[in-house]
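Notes for the one structure printed next.
These values consider heavy atoms only, across backbone and side chains, with no hydrogens, waters or symmetry-generated copies. Because the structure is a prediction, the values reported are computed rather than measured.
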Amino acid sequence: RKLVPMSGIGIWPLAAAASLLCQPALRHDQPAAWRTTWARCAIAATEPEVAQQLVQDTWFATAIAARPAVLAPVFETVRDEATAALCTMNRPQRKDEAWRRTDLSLLFGASLTTPSPVIDSDVLSNVLDDGNEGGNEGLARVVIVNGNFSPDLSDLRGLPTGMFAGSLSDFEGDATRDALLQAVRQMPETDADPRTALGCCQFGALNQGCLSDVTLVYVPADTIASVRLVILSSCSADDALAAQAATSGATAQQRPTSFAISHPNVLVRLEPSARLNLLQQYSGCGSYFSNGLTRLEIGEDALLEHTYLQEQGSQAVHIDALLASCDARSSYQLQAVQTGARISRLNLGVSLQDVQASATVNGLMLASGNQLLDLHSSVLHSSGACSSSQMQRNALAGRARVVFKGAVQVPFGSDNTKADQLCRSLLLSDSARVDVQPTLEIFTDEVECTHGATITDLDDEMVFYLQSRGLDRKQARTLLLQGWVNDCLSQVPLARAKQRVVMKAGALALESERRVVRRSDLSSI
């Protein structure tokens, strides 16, 4: 009688009561917490509308209330299991080690709504036009709108024979689909140590608890392919009308009070000896919260060249988990670029599962204004004779904040490991702040591991050299910043997207009047 509080729920239906009584795990000799969890599971499975009242965290309950309808019955089990797990979770707090440098008060203090089904026309045309460049016309395009695969906006004509891209519910092949569904059911970091966890658990469970669709990119063995994955988000219909009114002359809202929430879920599977060039691009307009979860499964001798481009709207909140698993002799090459969103958090987890697996991670974060960009990464060398290399670059100005915490983990028995990690940051403003924490966790011998970090401003001697060649100080700083950023964009295939990143880097070169006055007092340059 005390398994679940009855206030606000009403009388249980007979089906829910029968399911509860017939559940073999509900024995009186088990702990009370187990019985409570099973009761919540039973009710969440039989009455989804009741799940909102069972979630103990009020913000998670609000997110559950705004979740969309599931598009295919195959996802209902995933959704119900994650909803039951959310019943015992609390939202991330600053006292949690994984989140103590990431302030989410803007998100938790706002209301959550359902997104508008209509994407802003300017955003849609700009993103789709990125692919209409020389050499990219035949690139297959997979479009996700507010978490759901959009066949109307996608263009799959460039896919090779045997490859699949679309909703997982449409994938043919029962044995393979069952294995893929089993991978989707696994919630991230359920048993992770909270002291070293990335922070994927709560938002990963929320993503699967609000799951409506899963987008699958499946590459069969011995296949070479290139795919552009576009993930679009929209604000609510009311916010869209308010934005139009602001454009017409009303005062624009500076601090969002509501976010339209969406949960894109992506699964990429490479069979042995497959090769995929994947561009994953995020964009949107208005006030919205994109809570993503991307899983990458790389088979033996396979190669995944992955470009991650986050260009969310200036009022957006972007939280994404990117989890890669590498089998024997496979290679994962990632270039992660983050320039958009009001708050952005990328949780990157790479697991080298078998011998001679390798990972190369190059990251770039450009922040200005009041932006908060955060990258938490973990590279786990689960097997010996594996190698990894990570280079992270950050540039920030204004009152922006950038957070980087990178961990390389080498457990006992993973001998002959090679791992390098380096973070370089350019602090271009007195009011900006950067937090850098590279870490190594080594529990075995016979390893070659290095890590380091640097934080500085642009070198005045380099600026003076360019000034001596006829450039003014702003032009010199802009040229140095753009050259510094260009070195990180070699893997980005879209010229227009690359140009937008370079233009933002150049905008960071402008110095405040306070810095100009102080420099004139201290230097003759």
Under 3.5 Å, side chain of [X] to main-chain N/O of [Y], donor-acceptor pair present?
X	Y	value
Thr223	Val219	no
Ser330	Asp327	yes
Ser351	Ser325	no
Thr417	Ser414	yes

Which heavy atom of [X] sits nearest a heavy atom of [Y], and at what distance?
X	Y	answer
Tyr332	Cys326	CB-SG, 3.8 Å
Ser150	Val145	CB-CG2, 4.0 Å
Val317	Leu107	CG1-CD2, 4.1 Å
Ala85	Met187	CB-CE, 3.6 Å
Gln208	Pro188	OE1-CD, 4.4 Å
Ala82	Ala205	CB-O, 3.5 Å

Side-chain contact, heavy-atom cut-off 4.5 Å: [X] with [Y]?
X	Y	answer
Leu426	Leu481	yes
Tyr308	Leu279	no
Gln353	Ser383	no
Val447	Asn416	no
Val501	Leu364	yes
Gln202	Asp96	yes
Leu494	Arg228	yes
Thr294	Leu323	no

* salt bridge (Lys or Arg N to Asp or Glu O under 4.0 Å) pairs, two or more places apart, involving residues 343-362 ->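 Those involving residues 343-362 are Arg345-Asp374.
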* Which salt bridge (Lys or Arg N to Asp or Glu O under 4.0 Å) pairs, counting each pair once, include a residue from residues 275-285, with sequence neighbours left out? ->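 Matches after skipping sequence neighbours: Arg275-Glu305.
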Interatomic spacing from [atom1] in [X] to [atom2] in [Y] - rounded to 0.5 Å:
X	Y	atom1	atom2	result
Arg393	Met365	CZ	CE	13.5 Å
Cys423	Ile455	SG	CD1	7.5 Å
Cys386	Leu352	SG	CG	5.0 Å
Gln338	Leu373	CD	CG	6.0 Å
Ile261	Leu112	CD1	CG	5.0 Å
Leu276	Ser226	CG	OG	7.0 Å

* Do the ring planes of His263 and Phe289 sit parallel (below 30°), tilted (30 to 60°) or perpendicular (above 60°)? -> perpendicular
* Greater than 12 external heavy atoms within 6.0 Å of Asp193's CG -> yes
* To do: Kindly write out the residues that satisfy salt bridge (Lys or Arg N to Asp or Glu O under 4.0 Å) with Arg295, not counting sequence neighbours, or none if the list is empty.
  => none
* **Arg91: partners by salt bridge (Lys or Arg N to Asp or Glu O under 4.0 Å), with sequence neighbours left out** =>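 Applying salt bridge (Lys or Arg N to Asp or Glu O under 4.0 Å) to Arg91 gives Asp57.
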Do [X] and [Y] pair up side chain to side chain, a donor and an acceptor below 3.5 Å, judged on atom types alone?
X	Y	value
His306	Gln335	no
Ser425	Asn394	yes
Thr307	Gln280	no
Asn146	Ser234	yes
His451	Thr439	no
Gln421	Thr450	no
Asn291	Asn207	no

* Residues Ile64, Leu86; criterion side-chain contact (heavy atoms from CB on, under 4.5 Å); working and verdict -> CA-CA 10 Å; Ile64 291 294; Leu86 275 176; 3.9 Å; yes
All side chain to side chain contact (heavy atoms under 4.5 Å, CB included) counterparts of [X], not counting sequence neighbours:
X	answer
Gln182	Arg185, Gln186
Ala72	Val74, Phe75, Ser169
Asp445	none

Pairing residues for [X] by the side-chain hydrogen bond (donor to acceptor under 3.5 Å, both in side chains) criterion, not counting sequence neighbours:
X	value
Lys504	Gln371
Asp178	none
Gln312	Tyr288, His318
Ser389	none

* Quick one: do Val350 and Leu380 satisfy side-chain contact (heavy atoms from CB on, under 4.5 Å)? Show the steps, please. => CA-CA 6 Å; Val350 180; Leu380 175 62; over 6 Å; no
* Give the C-alpha distance, both sets of side-chain angles, the deciding distance and a yes or no for side-chain contact (heavy atoms from CB on, under 4.5 Å) between Leu304 and Gln333. => CA-CA 6 Å; Leu304 175 56; Gln333 301 175 9; over 6 Å; no
Quiz: residues 401-411 side-chain donor-acceptor pairs under 3.5 angstrom, not counting sequence neighbours:
unit_1 : atom_1 : unit_2 : atom_2 : d
Arg401 : NE     : Asp435 : OD2    : 2.9
Arg401 : NH2    : Asp435 : OD2    : 3.0
Lys405 : NZ     : Glu97  : OE2    : 3.4

* After noting the C-alpha distance and the side-chain angles of Leu267 and Leu180, does the key distance pass the side-chain contact (heavy atoms from CB on, under 4.5 Å) rule? -> CA-CA 8 Å; Leu267 175 61; Leu180 295 174; 3.7 Å; yes
* Reference residue Cys200; test side-chain contact (heavy atoms from CB on, under 4.5 Å); the match among Asn347, Thr190, Asp320 ->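 Option passing the side-chain contact (heavy atoms from CB on, under 4.5 Å) with Cys200: Asn347.
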